[in-house]
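Below, all heavy atoms of this structure are taken into account, side chains as well, without hydrogens, waters or symmetry copies.
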Number of protein chains: 2
Amino acid sequence: MISPDLIKGSLKTIVLRLLKENGRMYGYEITRKVEELTAGRIKLTYGALYPVLHKLENEGVLVTEAENFNNRIRIYYSLTPKGNSVVAEKVNEMKEFIDSLQSIVNLQPGLNNG
Amino acid sequence: MISPDLIKGSLKTIVLRLLKENGRMYGYEITRKVEELTAGRIKLTYGALYPVLHKLENEGVLVTEAENFNNRIRIYYSLTPKGNSVVAEKVNEMKEFIDSLQSIVNLQPGLNNG
DNA sequence: CGTAATATTTAAGTAAGTTATATATTACAA
DNA sequence: TTGTAATATATAACTTACTTAAATATTACG
């Protein structure tokens, strides 16, 4: 398991990227998908996820459709046009972040420095 | 520039990884090196860096040697044996983190899902 | 009949950062 | 010589993105 402190800050981008991928998803589904894609290494907490979804909706980044499945409410989220451009920005930033971390982590003694 | 929220949480690992690489470094040097390695995309703030260095010292992860250069104090930090094992753990975790982020960011529509 | 899984909500608390300020020397330009 | 930028460290006050915890409700399984 990856420590929450490390993941902190990436939540929004992760959620938005998955929504871009899947068109629409509900909260619980997002947590499942993240666990699946990361081999259980990233687990989103509901206390973090749902407030973020609500916030993104209030900002006009996401829209919701409530549906009923087996007497359980599912609230599907999908990107607005504004949301689409936000994802693009966020994903670019995350790619730069990954590149940056890699250039630090992958340092090799005696090869890159002097 | 990568947003502070994204970097937050990685600071400790970045610092430790650089110290492992360079043997010993002083605070200001660490900020320069991170900017250099990340093409200016990650800028550490002193308000974050120095408290972290002090904390790691108190935990027995780092030791210090104060030196004088041009009438300016330089406090060099280097890893203790304990520090070496901490770096190893932290770097492993970060590699898993990077892998996880990549498996989300690099999703391709219609290829991995169904 | 109890537990696990599914599904969402939200209040209270934590802590890792940011922001701002202080201090002091060297170097360079106008 | 006066001011600004770079070098070098320290720390108090504040923010906020989370974690933790508790609540609610249905389905599924042993």
Integer-rounded Å distance: D:dT27 C1' and A:Arg74 CZ: 12 Å
Starting the side chain at C-beta, find the nucleotide from C:dA16, C:dA27, D:dT27 nearest to A:Arg72. D:dT27
Under 4.0 Å between any heavy atoms, over every strand shown, what does B:Gly47 touch: base, sugar-phosphate, or nothing? Just pick one. base
For the side chain of A:Ile75, counting heavy atoms from C-beta on, which of D:dA10, C:dT9, D:dA8 is nearest? C:dT9
At under 4.0 Å between heavy atoms, what does A:Tyr26 touch on the DNA or RNA strands: base, sugar-phosphate, or nothing? sugar-phosphate
Residue B:Tyr50, side-chain heavy atoms: nucleotide from D:dA17, C:dG17, D:dA10 that is nearest: D:dA10
By nearest atom, which of the nucleotides C:dA7, C:dT9, D:dT9 is closest to the B:Tyr28 side chain? D:dT9
Nearest to the side chain of A:Leu11 - D:dA8, D:dC18, C:dT18? D:dC18
Considering only heavy atoms from C-beta outward, does the side chain of B:Lys43 approach that of B:Val34 to under 4.5 Å? no
Side chain to side chain, A:Arg41 and B:Asp99, heavy atoms closer than 4.5 Å: yes
Just call it for A:Lys55: base, sugar-phosphate, or nothing, with non-hydrogen atoms closer than 4.0 Å on any strand. sugar-phosphate
What's the closest nucleotide to the A:His54 side chain, out of C:dA27, D:dT9, C:dT9? C:dT9
Rounded to whole Å, NZ of B:Lys43 lies from P of C:dG17 at a distance of 19 Å
Side-chain contact check for A:Thr45: nearest option of D:dT7, D:dT27, D:dT19 is D:dT19
From CD1 of B:Ile73 across to P of D:dA10 the rounded distance in Å is 8 Å
Rounded to whole Å, how long is the line connecting atom CG of B:Leu49 with atom P of C:dA16? 15 Å
Would you mind reading off the distance between A:Lys12 atom NZ and D:dC18 atom P, rounded to a whole angstrom? 7 Å
Euclidean distance, atom CD of residue B:Glu67 to atom C1' of D:dT9 [Å, nearest integer]: 15 Å
Please report, rounded to the nearest Å, how far the P atom of C:dA7 is from the CD1 atom of A:Ile30. 13 Å
Students often get this wrong, so: under 4.0 angstrom with heavy atoms, is A:Thr64 touching a base, only sugar-phosphate, or nothing? nothing
Parallel, tilted or perpendicular: which fits the ring planes of B:Tyr46 and B:Tyr28, with parallel below 30° and perpendicular above 60°? parallel
Flag the pair A:Leu101 / B:Ser10 as yes when at least one side-chain heavy-atom distance between them is below 4.5 Å, and no otherwise. yes
Using whole Å, report how far CD1 of B:Ile2 lies from C1' of C:dT18. 17 Å
Using a strict cut-off of less than 4.0 Å between a Lys/Arg side-chain nitrogen and an Asp/Glu carboxylate oxygen, indicate whether A:Glu29 and A:Arg32 qualify as a salt bridge. no
